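One structure below.
What you see is a predicted model; the values in this text were computed from it and never measured. The chains referred to below are lettered A, B, ... by the order of the sequence lines, with proteins before strands, and numbering in each begins at 1.
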4 protein chains.
Amino acid sequence: MEKSPPIAAPRRTRDPETKRAALLDAALHLFTEDGYENVSIADIAKRAGIAVGTVYRFYENKLTLLRAMLESLEDEFVVQMQSDWSQGGDYSARLDRVCLGLFTLSEKRKPLLRLMSMTTDIVYADGSLPGDRIQAQIRLMYGDGLRDGAFLKGDIPLMASMAHGLVEGAMMGWMRNPGLSAANAAGQLASVMKSGFVKNQRS
Amino acid sequence: MEKSPPIAAPRRTRDPETKRAALLDAALHLFTEDGYENVSIADIAKRAGIAVGTVYRFYENKLTLLRAMLESLEDEFVVQMQSDWSQGGDYSARLDRVCLGLFTLSEKRKPLLRLMSMTTDIVYADGSLPGDRIQAQIRLMYGDGLRDGAFLKGDIPLMASMAHGLVEGAMMGWMRNPGLSAANAAGQLASVMKSGFVKNQRS
Amino acid sequence: MEKSPPIAAPRRTRDPETKRAALLDAALHLFTEDGYENVSIADIAKRAGIAVGTVYRFYENKLTLLRAMLESLEDEFVVQMQSDWSQGGDYSARLDRVCLGLFTLSEKRKPLLRLMSMTTDIVYADGSLPGDRIQAQIRLMYGDGLRDGAFLKGDIPLMASMAHGLVEGAMMGWMRNPGLSAANAAGQLASVMKSGFVKNQRS
Amino acid sequence: MEKSPPIAAPRRTRDPETKRAALLDAALHLFTEDGYENVSIADIAKRAGIAVGTVYRFYENKLTLLRAMLESLEDEFVVQMQSDWSQGGDYSARLDRVCLGLFTLSEKRKPLLRLMSMTTDIVYADGSLPGDRIQAQIRLMYGDGLRDGAFLKGDIPLMASMAHGLVEGAMMGWMRNPGLSAANAAGQLASVMKSGFVKNQRS
DNA sequence: AATGAATGAGAGTTCATTCAT
DNA sequence: GATGAATGAACTCTCATTCAT
């Protein structure tokens, strides 16, 4: 009935960034294994070795935590794609590079990637969805190719969405097949991308 | 003083299939609008005009209800694809037909399609995921084309996954763009499918 | 991690109004003993012999429960005062009657009265406070007396507020003194009311 | 390039009493605006410009802080009343003086007064309630008047409680009516006090 | 078969208090 | 002395599921 005074005995054990990393790692594993909705903050805190309240020092609520994870991954992908795309060469070479970069990064971020593919309905604060920034980047790339007359014509948003779907499909297929190397998957993706979207490519 | 007209007896009870339809319709609207986790059984029952307990006569729990909805949609897609694919003609014609069939059905089932895209992490009873049966069908089709030497070679599961992603991407793009007709989207999808996966297709 | 299915085994034991009464009784005792903020819904439910969720069938939240209790008490007081005041006689007789009615009701509702005196800062939905309706009734009575030239003049809201305070003070004093009968307290209150607010009353 | 003026050294630390004053001021504003239970120690510390832990150097817990505030106000009132009451004159004059003193002080301490009226259920360490010391002082005054045969007879604790209620009612009425001057309210209170409690006063 | 009141585990979140720095 | 990150118990409220009617 009466609020009993907390017995708490906190210890300053680790520095904040170590804690944040443990928190993100715990959340990543649990979300991926059990699904966002089936994981409680208490579960995450326990796995991260911190107190429930400490989670809220880092992220204001559960959804913010998820978004932060997905956004950081998207950022990495977008940065990688921009870098690979802008390094010159013909469109064939650029697509090869981008696809390889995508899979190289995917390999490093496999669990996060899996999480992203599981939470497509988590709407961001601005109304966007996970994947939208990647798709926007694809749209830019497609626009470049169109301007040069190197790409097949089509409705830009639709073409970008298809290209994005193709990439996601490739990643899903690769993730489900442990025997397939990232380089191999990247090669096949690039091959389909080129024959599907680039002019004067023979199959 | 006014005699109530004895013309039509109020149908207090409806037959079970009418109820089931009302239930599915209610669930579809609510899940799509608010997301699976944010809709309660009580919400669904109220919208369907039945009692909470009655929901459990039809589906043993909430997840089973969702799965039934998604599975029925997948079934429809698979049946449609099988039918369109098996009607003969060269691979180009068959792909045209399949893509058109896909979008024609999508137009009819738009809300369900949206629901499916929102709930990718809902695992089915057999461990499969929504979309898996569609992908399996695509794999069969790709196998056909490979056997005839008409399709570009590649790792079968990966190619099927990419093709599946391409289809999903096309559908997502089409759903987000209300000005795009189903036939137009189907045409662009077919075009990319052919240049991306079929031999001797010029871009 | 996974939401474990409820084991629940509900029993329809008592009729709803019996339950509501048990709920109100439990809330009354606990709020009075420990203070509104120090009592949890779980405490109330346990004492009432019902489940936590059942509390929310009756009242949409904790504050609504409290307000319902206080409002019903206020209503009783207002009705009682209206009745006693409107029965005629000179102002002296009417005040005697009202004061006696007030204390007779107070005797019946002692715990609720105590609760009301403890929760003066609980704002109602319309921005009013507990006691405001009683005070409004007092204002009406004072207005009657003023119109007849029987009451001492003064700023109406202030005079009503003072009269209200006087009543509350009398009740608090009476509640703290178990040896004082309601009739006796009523008499002393009436006496002070008359000499304090009515013209031509000798002390 | 711009040299920061070395004229005034920034006072990084303030003396304890300045801090205590800031703390009390912050608490007063926040408690009054949002209610005791809705204000956190962190809120108070932030507004006072001190650290959370520092709050605990001054008051051992949140309730102690509240009590200290209310007790200091009560002390002020009691001292004021004692002073005004003991300065001689007949009872009419003494009551006039006390009432004026009460309202003069109330004007200075309006926020604290409001806080006191909001937290009637906060029990003090010795089991007393806010207002009890004021009431005890009133009892002393009433006892004086009784001894001299100047006051109307009655049960002492009850009469004191009624007088206290009258005072509180006057203050509440005055606080809710911004157009009413303290002197005017004091006059009306004194008038009712005299006709209500003092012998040979005509109404 | 249909109903919906009842259940209670469990969720996300808050915050008074502590104590290593 | 001052700080504020860390703690975790406790809170209100939800809702999938059950079963007496």
Side-chain angles (χ1 to χ4, degrees), chain A residues 1-16 19 37-46 50-58 60-63 65, chain B residues 12-14 16 19 37-46 50-57 60-63 65, chain C residues 1-16 19 37-46 50-63, chain D residues 12-14 16 19 37-46 50-63 65:
Chain A
M1 232 135 277
E2 292 282 339
K3 216 181 263 183
S4 57
I7 312 147
R11 320 260 154 237
R12 174 78 56 86
T13 43
R14 297 172 293 171
D15 86 292
K19 275 189 183 162
E37 303 279 356
N38 299 316
V39 173
S40 73
I41 295 289
D43 295 332
I44 298 170
K46 181 179 281 183
I50 61 180
V52 169
T54 305
V55 174
Y56 288 88
R57 286 213 148 287
F58 290 99
E60 67 180 71
N61 56 41
K62 194 184 170 189
L63 190 51
L65 165 61
Chain B
R12 191 71 195 78
T13 49
R14 297 171 293 170
K19 277 187 187 170
E37 302 281 356
N38 300 316
V39 173
S40 72
I41 295 290
D43 293 335
I44 298 170
K46 180 181 272 184
I50 62 181
V52 169
T54 305
V55 173
Y56 286 84
R57 292 234 154 257
E60 67 178 286
N61 57 40
K62 195 183 169 189
L63 191 51
L65 166 60
Chain C
M1 236 135 272
E2 291 282 337
K3 214 182 260 180
S4 56
I7 313 145
R11 319 263 154 233
R12 173 77 55 85
T13 42
R14 297 171 293 171
D15 85 292
K19 274 188 183 164
E37 302 280 358
N38 299 316
V39 173
S40 74
I41 295 289
D43 295 332
I44 298 171
K46 181 179 279 183
I50 61 181
V52 168
T54 306
V55 174
Y56 289 88
R57 283 211 150 295
F58 290 98
Y59 299 97
E60 66 180 71
N61 56 42
K62 194 184 170 188
L63 190 51
Chain D
R12 192 70 196 77
T13 50
R14 296 172 293 169
K19 277 187 187 171
E37 302 281 354
N38 301 315
V39 173
S40 71
I41 295 289
D43 293 335
I44 298 170
K46 180 180 272 182
I50 61 180
V52 170
T54 306
V55 174
Y56 287 83
R57 291 235 152 257
F58 291 98
Y59 299 97
E60 67 178 289
N61 58 39
K62 195 184 170 189
L63 191 51
L65 165 60

Sugar-phosphate, base or nothing in reach of B:V55, heavy atoms under 4.0 Å: nothing
Distance, rounded to the nearest Å, where D:F58 contributes CZ and F:dT3 contributes C1': 13 Å
Among D:Y59, D:F58, D:Y56, side-chain contact (heavy atoms from CB on, under 4.5 Å) partner for D:L65: D:Y59
Rounded distance (Å) that lies between atom P of E:dA16 and atom NZ of D:K46: 14 Å
Sugar-phosphate only, base, or nothing, as touched by D:T54 at under 4.0 Å among non-hydrogen atoms: base
Atom-to-atom span, CD of C:E37 to P of F:dA10 - whole angstrom: 17 Å
Nearest atoms (heavy-atom pairs only) where A:N38 meets A:D43: O-OD2, 4.2 Å
Nearest-nucleotide comparison on DNA chain F, the residue closer to the 5′ end among A:R57 and C:E60: A:R57
Ranges pairing with ranges for DNA chain F, where each run has three or more Watson-Crick or G-U pairs under 3.5 Å: E:2-21 with F:2-21
Spacing between A:D43 atom CG and E:dA11 atom P, to the nearest angstrom: 6 Å
C:K62 NZ - F:dT14 P separation (whole Å): 15 Å
Along DNA chain E (nearest heavy atom to each residue), the more 5'-positioned of B:V52 and D:N38: B:V52
Considering all heavy atoms, the nearest D:V55-D:A45 contact: CG2-CB, 4.0 Å
Any C:K19 side-chain nitrogen or oxygen under 4.0 Å from OP1 or OP2 of E:dA6: yes
Pairwise 5' ranking along DNA chain F for D:I50 and B:L63, keeping only the more 5' one: D:I50
Separation of atom CG in B:N61 from atom P in F:dC15, rounded to whole Å: 16 Å
Whole-Å gap separating P (F:dC11) and CD1 (C:I44): 11 Å
Whichever of B:G53 and A:Y56 has its nearest DNA chain E nucleotide further upstream toward 5': B:G53
Least distance between heavy atoms, D:I41 atom then D:K62 atom: CD1-CG, 3.8 Å
Given E:dA16, E:dT7, F:dC11, the nucleotide with the shortest approach to the side chain of D:I41: E:dA16
